[in-house]
Asker: 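Structure provided below as structure tokens; questions to follow.
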Amino acid sequence: MENLSRRESIKKAFLAAGSFLAVTKLAQAKACLELTPDQVEGPFYPENDQTDKDNDLTQLKGSKKVAKGEIVIINGIVTDQDCKPVENALVEIWQACATGKYKHLSDPNPAKLDPDFQYWGRAYTDKEGRYSFKTIRPGSYPATSTWTRPAHIHFKVHRLTFEELTTQMYFKDDIYNKNDNILQSLSETDRDKVIVDFKIVEGSPHKVGQFDISIRSLV
Ligand SMILES: [Fe+2]
């Protein structure tokens, strides 16, 4: 009993300390059932290097201001096709800010940029293949006059001797998912791998989503 409550206190302290690298064994088992599907890179991959490219996109280095929008935590595990965690993989994400605008010269969207948002971030996986990001739920934006892209986050995963993966992650409750040409071009099974259910988690002030990624080892 005492052990249980001690474990519970440690867990609460861990979450309260703002750590967002909490993952479950169950999620780990799910991660490697099949490879994560590739999706188009899109036209807005970051053009220039930036000073601040850490895994917290909600706050720029040296600034006290916080990005606008709903803050979310993304946790995940990168594994290979044999379910082995991939250590030291570089996970990059890039996305629009809360208004649906990318920090990219080719983005024709007239929406305003958020000067306090980081737009692009990177993380390396740890020994267990785990990575995490703190970011905001991006706004949807018009891809054409009749097609609105749902909220999504672009991912690239690199590791020497592994096939590079470029994909996109979606939010389960987004009303635009069902009409999105890119998401709907995937099979139902593949769609399930890239749609994430962000949930309220005890001890975390922000919703947390688990996006596990499986990449192909070439050796
Ligand atoms: Fe996009």
Side-chain angles (χ1 to χ4, degrees), residues 35-50 52-58 60 67-76 78 89-123 131-158 163-187 190-198 206-207 209-213 215:
L35 295 174
T36 304
D38 259 300
Q39 289 171 95
V40 289
E41 180 176 297
F44 306 131
Y45 183 79
E47 296 167 290
N48 303 308
D49 198 5
Q50 57 191 45
D52 188 1
K53 50 193 175 217
D54 68 358
N55 67 340
D56 181 354
L57 281 68
T58 65
L60 294 167
K68 291 177 192 70
E70 181 193 353
I71 294 178
V72 291
I73 305 299
I74 308 170
N75 291 326
V78 179
L90 171 61
V91 182
E92 287 182 279
I93 65 168
W94 69 100
Q95 64 171 93
C97 64
T99 65
K101 175 89 175 163
Y102 285 86
K103 199 177 178 184
H104 195 288
L105 287 174
S106 312
D107 187 355
N109 186 351
K112 266 186 129 178
L113 279 172
D114 179 354
D116 303 310
F117 184 54
Q118 194 179 293
Y119 293 89
W120 171 41
R122 307 161 64 152
Y131 74 87
S132 66
F133 287 98
K134 183 178 183 184
T135 186
I136 56 116
R137 180 177 174 137
S140 50
Y141 60 84
T144 67
S145 59
T146 54
W147 169 23
T148 299
R149 294 247 40 219
H152 62 279
I153 298 181
H154 295 264
F155 274 72
K156 240 185 216 297
V157 183
H158 323 247
E163 208 167 84
E164 184 177 283
L165 173 74
T166 303
T167 195
Q168 302 183 30
M169 186 218 81
Y170 301 83
F171 294 74
K172 193 176 176 185
D173 59 357
D174 199 294
I175 55 164
Y176 295 111
N177 283 345
K178 63 179 188 303
N179 292 322
D180 185 56
N181 295 349
I182 297 174
L183 177 60
Q184 296 303 325
S185 69
L186 299 175
S187 68
D190 277 348
R191 280 202 296 274
D192 283 348
K193 293 178 202 158
V194 293
I195 297 176
V196 174
D197 192 6
F198 283 80
H206 313 295
K207 281 188 181 172
Q210 182 80 22
F211 182 43
D212 296 326
I213 296 171
I215 56 174

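For this chain, numbers begin at 1 and follow the sequence in order. In each ligand, atom 1 is the first atom listed, and ligand 1 is the first ligand listed.
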Asker: Tell me how many protein N, O or S atoms are closer than 2.8 Å to the Fe ion (ligand 1).
Answerer: 4
Asker: State plainly whether the residues Lys53 and Asp49 are in salt-bridge range, i.e. N to O under 4.0 Å.
Answerer: yes
Asker: Anything under 30° is parallel, anything over 60° is perpendicular, the rest tilted; go ahead and classify Tyr141 against Tyr102.
Answerer: perpendicular
Asker: Between Gln50 and Trp120, does any side-chain donor sit less than 3.5 Å from a side-chain acceptor?
Answerer: no
Asker: Can a donor-acceptor pair be found, under 3.5 Å and without considering hydrogens, that links the side chain of Arg149 to the backbone of Ala143?
Answerer: no
Asker: Scan side-chain atoms only and decide if His154 and Gln39 contain a donor-acceptor pair under the 3.5 Å cut-off.
Answerer: no
Asker: Using the salt bridge (charged side-chain N to carboxylate O under 4.0 Å, His left out) rule, collect all pairs that involve residues 38-47, keeping only residues at least two apart or in two chains.
Answerer: Glu41-Lys156
